[in-house]
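The block underneath contains the structure these notes are about, expressed in structure tokens.
Both counts, for ligands and for their atoms, begin at 1 and track the order of listing.
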Amino acid sequence: MGDVHDTRLLSSALDALGDGLVLLDNAGRVVFWNSYAERLLRLPAETARGQPVDSIIETIAARTTTPQTTRTQLVAALAQPDPTRWVEMEFAATTEDAARIVAARSFGLRDENNIPLGTGMLWRDVTRERTADAMKSQLLSTVSHELRTPLASIKGFATTLLRQDVRWDDKTQRDFLRIIEEETDRLTEIIDNLLDMSQIEAGALRVAKEPTSLRQLIRAVVDEMRMRTEAHYFVVDLPSELPRVLIDSRRIRQVLTNLISNAIKYSAGGQITITCEVEADVVVVSVADQGEGIPPQYLDKVFERFFQVDGASTRRVGGSGLGLAISRGIIEAHDGKIWAESVTGQGSTFRFTLPRARDESNGQGVQNE
Ligand code: ADP
């Protein structure tokens, strides 16, 4: 292979590199700036080439969230190139680009006689790793906190019951034991939720879909939920012709239970309305309450795991912030969509779509119950 080829090959390889590569000569001027560095550092090679490194560092530092620290760290990294030491900086979000975390390291360049030729710098986008790290530690702290609350209560009541110096009457004993039972259920629920969430995130949530009567399923869930509240009344308004849907009924029950339980939790009382609308390929199920509603900026965010609208009632009613994330995972596993609508102060409506079951006998019509 000739020299011309070698150079072209090398330069295209350096451009294809999944990292930003910058080379400086002995005078500290930029002699090479690959295309990944252009994107990552938001600086075109044409602008960078020939520039003294100080002014480049200045430009880069100014775009980060901590210009002073970044400048000092980059200057130090160049003064003493050490390929094992990474310097991290966060680029602020711009209109074109989201915020990014970038790591840089520098290394000395020498010829075969060990004569210095200049310095190289490698720039790497570590946003994904850092975000994942942050999410993992948030997950651990949330989970520990969530588990601790019911555990503390179980421990407290058990210890109280075991006290040698006090005799509790039968009623008090039963009351304490009931709390222990409820808190144990709560622990089980949290752990079930975590397991569901981890399956959803691993893409491993399995749904066994069967043609199902939505009417029966909704009735069953509403009958059960009615017992959990005295302050609310339920209105179930279903069209007379309701086609069957192709669903995993256990999972869809879980979604409906979660939405109705939220409607109860986040409204002091009033009507909870469950309706169905039949469309060409799907049935849209809605659960509406007359509660406090959800501010518009949070309508999408409530489906993120652990997200809770920062309000008095969220704290009051507890909850782990996983219910809607799991519901979304379940609905998406049915190729459906789930979303929230709300006028603040006038309640919230959650809607989701379910696929209609095709009638297998004639291959085209849709079966009714
Ligand atoms: P949890 O109820 O355990 O906190 P969810 O994932 O079910 O978790 O809900 C996330 C958040 O969305 C809740 O903390 C609450 O702030 C908000 N939210 C959910 N449903 C409603 C509703 N019907 N009305 C008002 N806010 C709601």
Side-chain angles (χ1 to χ4, degrees), residues 135 138-139 141-150 153 182-183 185-201 205 218 221-222 224-226 228-229 231-236 251-275 284-333 336-352:
M135 271 160 64
Q138 188 224 359
L139 183 85
S141 91
T142 315
V143 168
S144 337
H145 178 79
E146 286 293 321
L147 296 176
R148 191 164 270 265
T149 319
S153 164
E182 279 168 16
E183 295 294 313
D185 288 346
R186 172 93 196 104
L187 274 182
T188 312
E189 188 194 317
I190 296 171
I191 290 164
D192 285 348
N193 277 345
L194 286 168
L195 289 175
D196 281 350
M197 198 66 235
S198 77
Q199 275 191 10
I200 288 167
E201 288 191 356
L205 186 81
I218 292 175
V221 175
V222 170
E224 200 183 302
M225 299 308 286
R226 240 186 264 258
R228 297 211 202 164
T229 174
H232 301 83
Y233 58 97
F234 288 83
V235 173
V236 181
R251 290 299 187 182
I252 297 304
R253 268 181 91 116
Q254 191 181 348
V255 173
L256 208 54
T257 304
N258 176 243
L259 295 183
I260 298 179
S261 133
N262 279 350
I264 295 173
K265 282 198 304 192
Y266 301 108
S267 64
Q271 182 171 320
I272 295 175
T273 319
I274 293 104
T275 52
V284 187
V285 183
S286 311
V287 176
D289 62 55
Q290 298 178 319
E292 60 208 65
I294 299 169
Q297 68 270 32
Y298 298 137
L299 286 172
D300 288 331
K301 287 202 84 103
V302 290
F303 293 97
E304 288 174 17
R305 57 177 201 183
F306 299 121
F307 182 83
Q308 300 186 307
V309 177
D310 214 5
S313 91
T314 304
R315 246 170 271 127
R316 198 178 62 238
V317 299
S320 62
L322 283 176
L324 289 176
I326 293 170
S327 297
R328 181 173 66 181
I330 293 174
I331 295 299
E332 285 175 355
K337 282 207 233 8
I338 181 165
W339 69 99
E341 297 163 9
S342 176
V343 178
T344 319
Q346 291 181 29
S348 320
T349 303
F350 282 82
R351 296 185 206 280
F352 60 89

E183/R186 ion pair, N-O < 4.0 Å: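 No, no charged N to carboxylate O under 4.0 Å.
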Salt bridge flag under 4.0 Å for residues D300 and R328: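 Here D300 does not pair with R328 in a salt bridge, since their nearest N and O are not under 4.0 Å apart.
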Structural part of F350 in contact with ligand 1, heavy atom criterion under 4.0 angstrom: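 The part of F350 near ligand 1 is the side chain, not the backbone.
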Ligand 1 contact on L324 by region, counting heavy-atom pairs under 4.0 Å: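 Both parts.
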Interfacing atoms of ligand 1 (cut-off 4.0 Å, heavy-atom, [X]):
X: V302; answer: 10 (C), 12 (O), 17 (C)
X: N258; answer: 7 (O)
X: G321; answer: 1 (P), 3 (O), 4 (O), 6 (O), 8 (O)
X: K265; answer: 1 (P), 2 (O), 3 (O)
X: G293; answer: 25 (C)
X: V309; answer: 16 (O)
X: F307; answer: 10 (C), 11 (C)

Nearest option to atom 7 (O) of ligand 1, as decided by whichever heavy atom of V287, N262, I264 sits closest: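 Selected option, by shortest heavy-atom distance: N262.
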More than 12 heavy atoms from other groups under 6.0 Å of CZ on F234: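 It does: F234 CZ has more than 12 such atoms within range.
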Polar side-chain atom of S286 near backbone of I274 as donor-acceptor pair, under 3.5 Å: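 No, because the side chain of S286 does not come within donor-acceptor range (under 3.5 Å) of the backbone of I274.
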D289 side chain to I272 backbone, donor-acceptor under 3.5 Å: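 No: the side chain of D289 does not pair with the backbone of I272.
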